[in-house]
Amino acid sequence: MAFAIETRGVTKQYVEGEASTLALAGIDLTVSRGEVVLLMGPSGSGKTTLLSIMGCILRPTAGQVILEGHDVTAMSEKDLPAMRLKHIGFVFQGFNLFPTLSVGENVELSLSLKGVRGREAKKEAHRLLDLVGIEHKYKAFPADISGGQKQRVAIARAVAGSPVAILADEPTAALDSHTGKAVIGMMARLAHIENRAVVIVTHDGRLAEFADRIVWMEDGVLAKVPHTATDNLHLHPVEPSAETQLGI
Ligand SMILES: Nc1ncnc2c1ncn2[C@@H]1O[C@H](COP(=O)(O)OP(=O)(O)O)[C@@H](O)[C@H]1O
Ligand SMILES: [Mg+2]
């Protein structure tokens with residue numbers, strides 16, 4: 001069985017005129033279906049760059065990215081968007097919902113891009129929003145719901161169309177810590193129930209309890225997780241009802 005995502009010797013050098021930055025210096029990382037990986041490390045260590053390369057929105061300078069057994073680094077620019085659409089769901093810090101579309105329509109739009117339309121799309125959008133506990137807001141507009149609720153919609157949208165990988169770049173940065181924990185707990189539950197590979201970039205060591213594995217980055221390489229990152233935390237299985245109790 002192939003890994004959901006595999007990077008082999010991935011390097012990235014940004015070149016701007018005379019200046020050049022080695023953002024990634026040989027990353028070997030594998031993520032399996034059903035696994036929640038927390039990607040942590042100081043600012044500027046290369047987390048966003050790595051996530052973007054895993055999500056095929058940025059090409060590595062060298063090395064390979066293998067998605068569900070397909071070497072995406074060998075693919076042409078023409079074939080890449082379809083690959084990305086099929087296999088990757090992104091969740092961003094700023095939610096990125098369409099303000100003029102309702103909650104339900106935001107998810108329906110994502111489904112339509114993946115070829116699910118009409119009545120089928122509505123049914124699936126209801127199911128996904130129910131899965132993230134916000135189906136009752138189907139007809140609400142983004143401006144009328146809270147930050148935690150917006151992030152749940154963004155997650156439902158990222159999960160639409162069954163991508164193998166859900167990649168989230170600091171998805172809790174705009175949320176208070178209770179809401180952030182609830183959202184990550186829900187993502188972890190989704191990963192386990194729906195068998196997705198989930199990679200979450202975060203600064204928040206308190207989210208470690210939801211991770212199956214923590215990966216630490218420093219200066220563009222993978223390093224040992226420092227004890228200070230997850231002080232006093234013990235990895236344990238996710239409580240299925242933790243986020244329902246918080247009622248966000
Ligand atoms: N588009 C870019 N052009 C040039 N340098 C970049 C670009 N994006 C990131 N960098 C540099 O690459 C390094 C890694 O950045 P990034 O992946 O954003 O780290 P992190 O997400 O861990 O903060 C940093 O030194 C950053 O300044
Ligand atoms: Mg970043």
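Values reported hereafter were calculated over all heavy atoms of this structure, with side chains retained and with hydrogens, waters and symmetry mates removed. Each ligand, and each atom within it, is numbered from 1 in the order the structure gives. For this chain, numbers begin at 1 and follow the sequence in order.
Between atom OG1 of residue Thr49 and atom CE of residue Met217 there is a gap of 7.5 Å, rounded to the nearest 0.5 Å.
Within the 2.8 Å limit, Thr48 places at least one N, O or S atom next to the Mg ion (ligand 2).
Note on Ile5: it clusters hydrophobically with Ile27, by side-chain heavy-atom contacts below 4.5 Å among ILVMFWY residues.
At the top of the distance list for atom 19 (O) of ligand 1, counting protein heavy atoms only, stands Gly46 N, 3.1 Å. Among protein heavy atoms, the minimum distance from atom 14 (C) of ligand 1 is reached at Gly44 O, 3.4 Å. Ranking protein heavy atoms by distance to atom 18 (O) of ligand 1, first place goes to Thr48 CB, 3.8 Å. Distance from atom 6 (C) of ligand 1 to its nearest protein heavy atom, with residue and atom name: Tyr14 CD1, 3.2 Å.
Of the options Val201, Thr49, Leu50, the smallest heavy-atom separation from atom 17 (O) of ligand 1 is shown by Thr49.
In this structure, the ring pair (Phe, Tyr, Trp, His ring centres under 6.0 Å) partners of His126, at least two apart in sequence or on a different chain, are Tyr138.
Within the 4.5 Å cutoff, no side-chain heavy atoms of Asp212 are placed close to those of Val37.
When only interatomic distances are considered, the shortest N/O to N/O separation between Ala23 and ligand 1 does not fall below 3.5 Å.
Under the 3.5 Å distance criterion, with hydrogens and angles disregarded, no donor-acceptor pair is assigned to the side chains of His136 and Asp130. For Thr61 and Gln13, the side-chain atoms include no donor-acceptor pair closer than 3.5 Å. Checked by atom type, the side-chain pair Asp204/Thr202 shows no donor-acceptor distance below 3.5 Å.
Counting heavy atoms under 4.0 Å from ligand 1, residue Thr21 touches it through the side chain alone. Here Met217 has no heavy atoms under 4.0 Å from ligand 1, in either its backbone or its side chain.
Near Pro42, the atoms of ligand 1 lying under 4.0 angstrom from a non-hydrogen atom of the residue are 22 (O).
Using a 4.0 Å threshold on non-hydrogen atoms, atom 27 (O) of ligand 1 does not count as touching the protein.
Within 6.0 Å of CZ on Phe98 lie no more than 12 heavy atoms contributed by other residues, nucleotides or ligands.
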